[in-house]
**Student:** 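This structure is in structure tokens; I'll ask about it shortly.
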Amino acid sequence: MKLNLKIIIHFFGLLLLCNGGFMLLSTLVSLIYDDGVTLNLFFSGLSVLTLGAVFMLTSLNHNKEMNKREGYIVVAFGWIIMALSGTIPYLFTGAIPSFTDAFFETMSGYTTTGASILNNIEALPNGILFWRSLTHWIGGMGIIVLAIAILPLLGIGGMELFAAEAPGPSADKLHPRIADTAKRLWLIYFGYTAIETALLKIAGMPFFDAINHSMATLSTGGFSTKNASLAHYNGQPVIQYIIIVFMFLAGMNFVLSYFAFKGKIQKILRDEEFRLYFWFVAVFTVIAALTIYFFADPNQSSITHPMVWGEFESAFRHGLFQVLAIVTTTGFVSADYTLWTPFLLVFFFGLMFLGGSAGSTAGGVKVVRHLLMIKNGFLEFKRTLHPNAIVPVRYNKRAISGDIVFNILAFFILYMLSFIIGSLGFSLLGLDFESSVGVAASSLGNVGPAFGNFSPVDNFSLMPIIGKWWCSFLMLIGRLELFTVLILFTPFFWRNR
């Protein structure tokens, strides 16, 4: 079966139109703050809109049937096209003159990784800072999910795209029609962003910083408008606690948030993944807080401000903040945790492989996969004793098919292989062991801050050029959960059937 190239081009045009529209929104912010780059941003948006319109016009008479293979192509290459076009505001304004650096920053934004090459974030124009945060916010719920909400207007079904965008084991739907599901998810996403912005403003954060940090929180991205990230607000604990709450919500399955708004609290409490996610955060926070309190140097537990509610409160807040920032792959920083203790360094490195819930904006392996792997591992003991018994893995009191279990095991093996190959790639470029494994785990898990020369108080500006492209590739496959991108490298995918 030949590829339906016209519908692929048509969809790329739609994505470019959306991207150009968001650039014009950044232009409006630039105009309001009179930051000197309004015209540059305007022409950036106009050029992307024009390119999108050309793509749409050259593919008007397209077959509206889309198969799964075309869905994977649209998702994988759609992200790359968005990242390529997303570099234009940085290049046109001169904020990031290098194409490699601009692509790295943009890919880090869309994949909600939060790694940055910028040395002085606070010196950037407000329009560029807003665009930088917008790339997070767009990527958070998925460029493709945004677009499939519009697809019914074009008479195109979006199920193939949703499957490629969210290939995890959870198949919960809010509504039978996929477009309605996307709209409900975006409504919750937008609502959370607005509420967090209002709360941060009330807590004392300037409105511009509040909306940027809200977009970075709900997308589990981690781009900040401050050089010190959230450590800038160590003297205002309320701000950090507000962000803690919304990091937790962003790491939850958004379907559960919908149930909460519908008053179905029991459905949330009975969800096995949510319970494990909650206990992971609770137990890991206790471990981190006690280690900080008893063993960390108090002069290194905060970057810029002294502890304000007593040592234990500060230890608890920093521990909870950093556990959530890493587990949800948000990547915000309240302190340089690499200076606390060697135990916490290894501990936080391990958390990079956890990830948030399936159906959340978080990256990583995802809690539900860990849950099902643990359950399957324990059941193997039972199967060894009773080889003829049929012992299915159960999730939320339902038996899980063997295909899903095998898919999860294959995903985990592929994830660890990608991590090992990623680490070897960085080591070939001359990075030391700590930096190599840290950057590989951070990029693949979409976490952001790493270790070694790329710790929370450093950035990726010193990364070799090839290393930045390698990082970008790992960010992409991590964000799209490996299979969606790596399947494109298999010869049978491209054979006409």
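Predicted model only: the values in this text are computed from it and were never measured.
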**Student:** So, N446 and T329: side-chain donor and acceptor under 3.5 Å apart, yes or no?
**Tutor:**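 Result is no, nothing qualifies.
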**Student:** Would you call the rings of W137 and F190 parallel, tilted or perpendicular, where under 30° means parallel and over 60° means perpendicular?
**Tutor:**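 Judged by the thresholds at 30° and 60°, the geometry between W137 and F190 is perpendicular.
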**Student:** Is a side-chain donor-acceptor pair under 3.5 Å present for D458 with N453?
**Tutor:**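 No pair is found: no donor N or O on one side chain lies under 3.5 Å from an acceptor on the other.
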**Student:** Without hydrogens or angle criteria, can the side chains of S257 and Y192 be said to hold a donor-acceptor pair below 3.5 Å?
**Tutor:**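 Judged by distance alone, the side chains do pair up.
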**Student:** Checking side chain to side chain contact (heavy atoms under 4.5 Å, CB included) for the pair L17/F55: CA distance, chi angles, key distance, verdict?
**Tutor:** CA-CA 10 Å; L17 287 178; F55 273 46; over 6 Å; no
**Student:** Can you label the angle between the F248 ring and the F274 ring as parallel, tilted or perpendicular, going by 30° and 60°?
**Tutor:**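 Because their plane-to-plane angle is over 60°, the rings of F248 and F274 count as perpendicular.
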**Student:** So, for F104 and F460, is the gap between ring centers shorter than 6.0 Å?
**Tutor:**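 Aromatic pair counts; centres sit under 6.0 Å.
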**Student:** I'd like to know if the side chain of E196 pairs up with that of T217 as donor and acceptor (distance under 3.5 Å, no hydrogens or angles considered).
**Tutor:**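 A donor-acceptor contact under 3.5 Å links the two side chains.
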**Student:** Any side-chain heavy atom of F246 sitting closer than 4.5 Å to one from S214?
**Tutor:**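 Heavy-atom side-chain distance check fails, nothing below 4.5 Å.
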**Student:** Is the closest side-chain donor-acceptor distance between T93 and N40 under 3.5 Å?
**Tutor:**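 No, N40 and T93 have no side-chain donor paired with an acceptor closer than 3.5 Å.
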**Student:** Under 3.5 Å, is there a donor-acceptor pair linking the side chains of S30 and D35?
**Tutor:**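 There is such a pair (donor and acceptor under 3.5 Å, judged by atom type) between the side chains of S30 and D35.
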**Student:** So if I apply the side chain to side chain contact (heavy atoms under 4.5 Å, CB included) rule between L444 and each of I421, I477, V365, V439, which one comes out positive?
**Tutor:**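 With L444 as partner, I421, I477, V365, V439 yield a single side chain to side chain contact (heavy atoms under 4.5 Å, CB included), made by I477.
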